[in-house]
Undergrad: 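Before we start, here is the structure in question, set down as structure tokens.
Every chain is numbered from 1 and lettered A, B, ... according to where its sequence line falls, protein lines coming before strand lines.
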2 protein chains.
Amino acid sequence: MSRGKSNSYSSETGTPKAAVERLSLYLRELEALLESGQKTISSHQLGQALKITDAQVRKDLAYFGQFGYPGIGYRVEELRESLRAVLGTDKVWPTALVGAGNLGRALLGYRGFAGRGFQVTAVFDGDAEMVGKKVLGHEIHPMEDLSRIADEKGLVLAILAVPAAAAEEVASKVVQAGIVGILNFAPTQLKVPDEVSVISVDMALRLEQLAFQVNQRRGHVASPSESKDE
Amino acid sequence: MSRGKSNSYSSETGTPKAAVERLSLYLRELEALLESGQKTISSHQLGQALKITDAQVRKDLAYFGQFGYPGIGYRVEELRESLRAVLGTDKVWPTALVGAGNLGRALLGYRGFAGRGFQVTAVFDGDAEMVGKKVLGHEIHPMEDLSRIADEKGLVLAILAVPAAAAEEVASKVVQAGIVGILNFAPTQLKVPDEVSVISVDMALRLEQLAFQVNQRRGHVASPSESKDE
DNA sequence: GTATGTGAATCTCTTCACAGCC
DNA sequence: GGCTGTGAAGAGATTCACATAC
């Protein structure tokens, strides 16, 4: 694995959750740097790109290994590979998409995913109307086939793009089928066994956070349609 | 405003960012409780629903006012109204959608938004092909019309569902048009003036976080297609 | 008895500052 | 000179525990 040195990020201990999030951002920046042909980068430069301190960058990376060279900085290509290995994006993750509605279809075509090892390998929908149709080249399967196909194709992750009301039930089926990681787009807090990871993308919540911030700025008694009732 | 007491959440100071996020979750839980007809709820119960401690719930709420009744708990209806006022979801926020591709169209139809005061009032796209067409009853306008329409309709927020490469430019146009809050779906860190709020929904990043978590579980030398190259 | 609101204690994360290396 | 990795200090967030109120 490139340069020697440790790499024993035992994790589980100590690593701030936020640090792992920044890892993704570092990786993204490194990919851009690769494009631009830059060979090395310092923690200071990397920090500037993400508006964080250089110390933060070094600490974050140090949680996962010794990647830098004193006096030089980090080798872009090498650090990229290391971070990909840490995040797991150096592997292919066979992924199921559950829910072929508007959002599901949008996610199916979303670049960001395919380009990063997240290969949507099968699409499912609970609606009988949908089953059998094709979206972007993928046939839509009924939920009943989930377990079988999950076995056949070795599905590991699932993207849940279903209505909130259905999310809980779908999640349990997905878990039954042996999926170990769920990306949940429903505004619900899923109940799953401990050994299954869930990450949620809560779009409505984010929009509310935005409203809050803007609301604060406006001194709390300002312009947006001051309509009451509804 | 309902019961007396302060309500002077001066904010800007002290309020943990995470507390504001939980506010949205409390609100969601309260809406569900309203449905079920429950009149009051304790910090303990509310905490259980979101898997956090009762002390956390009380601290969070206390940042924004005095909403509780010792011995009783919180009145569901009243707390709901208070939180809506704090978050700003008691008002209507005229919102622009920029980018009418797959994701944009999905967001346009997304319940979660419309049901919460976020009314998409105008749709824009930079692609001449798109302009003039209708999506879900909304005509797609060219970017050139953004400023004019923003003025006419009093647009306050914008949802950016455009490719990463276009995001920066679109953001500056949106800011030019007087938008003060941006919900950004592109995996880019936008540069905007201080007086504009940006909240990002980074779906690819979230999926990577999921991969990381699963990767950790598997002891770091396990099953997902151990393919290398490409 | 029940339950809130809040200072104090604890835990977690970030920044500082510097030894060590190129 | 420039830069990393890291212990120690500082900031921030969460939990404890209790005075107060119903």
Undergrad: For a quick check under 3.5 Å, do B/E208 and A/T89 share a side-chain donor-acceptor pair by atom type?
TA: no
Undergrad: Heavy atom of residues 20-56 of chain B under 4.0 Å from DNA chain C: which residues?
TA: B/S42, B/S43
Undergrad: Whole angstroms only, please: what is the CG-P distance between B/L61 and D/dT14?
TA: 13 Å
Undergrad: Could you go through nucleotides 19-22 of chain C and list every protein N or O atom that sits under 3.5 Å from one of its N or O atoms, giving the distance for each pair?
TA:
unit_1	atom_1	unit_2	atom_2	d
C/dC22	O4'	A/P70	O	3.2

Undergrad: Just checking, any donor-acceptor pair under 3.5 angstrom between side chains of A/R105 and A/N102?
TA: yes
Undergrad: If you only use heavy atoms from C-beta on, which nucleotide in C/dT14, D/dT14, D/dT6 is closest to the side chain of B/Y63?
TA: D/dT14
Undergrad: Please collect all salt bridge (charged side-chain N to carboxylate O under 4.0 Å, His left out) contacts where either partner lies in residues 154-165 of chain B, sequence neighbours excluded, each pair once.
TA: none
Undergrad: Of all residues at least two apart in sequence or in a different chain, which pass the side chain to side chain contact (heavy atoms under 4.5 Å, CB included) check with A/A186?
TA: A/A167, A/N184, A/T188
Undergrad: Would you please name every residue forming a side chain to side chain contact (heavy atoms under 4.5 Å, CB included) with B/R58, sequence neighbours left out?
TA: B/S43, B/D54, B/A55, B/Y74
Undergrad: Below 3.5 Å, does any donor atom in the side chain of B/K59 face an acceptor in the base of C/dG7, or the other way round?
TA: yes
Undergrad: Rounded to the Å, how far apart are A/R58 CZ and C/dT15 P?
TA: 12 Å
Undergrad: Take the protein atom CD of B/Q66 and the nucleotide atom C1' of D/dC22, then report the distance between them rounded to whole Å.
TA: 15 Å
Undergrad: Grab the CZ-C1' distance between B/F67 and C/dA3 for me, whole Å please.
TA: 17 Å
Undergrad: Of all residues at least two apart in sequence or in a different chain, which pass the side chain to side chain donor-acceptor pair (under 3.5 Å) check with B/Q176?
TA: none
Undergrad: Which pairs with one or both residues in residues 178-198 of chain B pass salt bridge (charged side-chain N to carboxylate O under 4.0 Å, His left out), sequence neighbours excluded?
TA: B/E168-B/K191
Undergrad: Determine: side-chain N/O of A/Y74 to OP1/OP2 of D/dG5, distance under 4.0 Å, yes or no.
TA: yes
Undergrad: Among residues at least two apart in sequence or on other chains, which ones pass side chain to side chain contact (heavy atoms under 4.5 Å, CB included) with B/S197?
TA: A/L210, A/Q213, A/V214, A/R217
Undergrad: B/E169: what forms a side chain to side chain contact (heavy atoms under 4.5 Å, CB included) with it, not counting sequence neighbours?
TA: B/K173
Undergrad: Please report, rounded to the nearest Å, how far the C1' atom of D/dT6 is from the CZ atom of A/F64.
TA: 16 Å
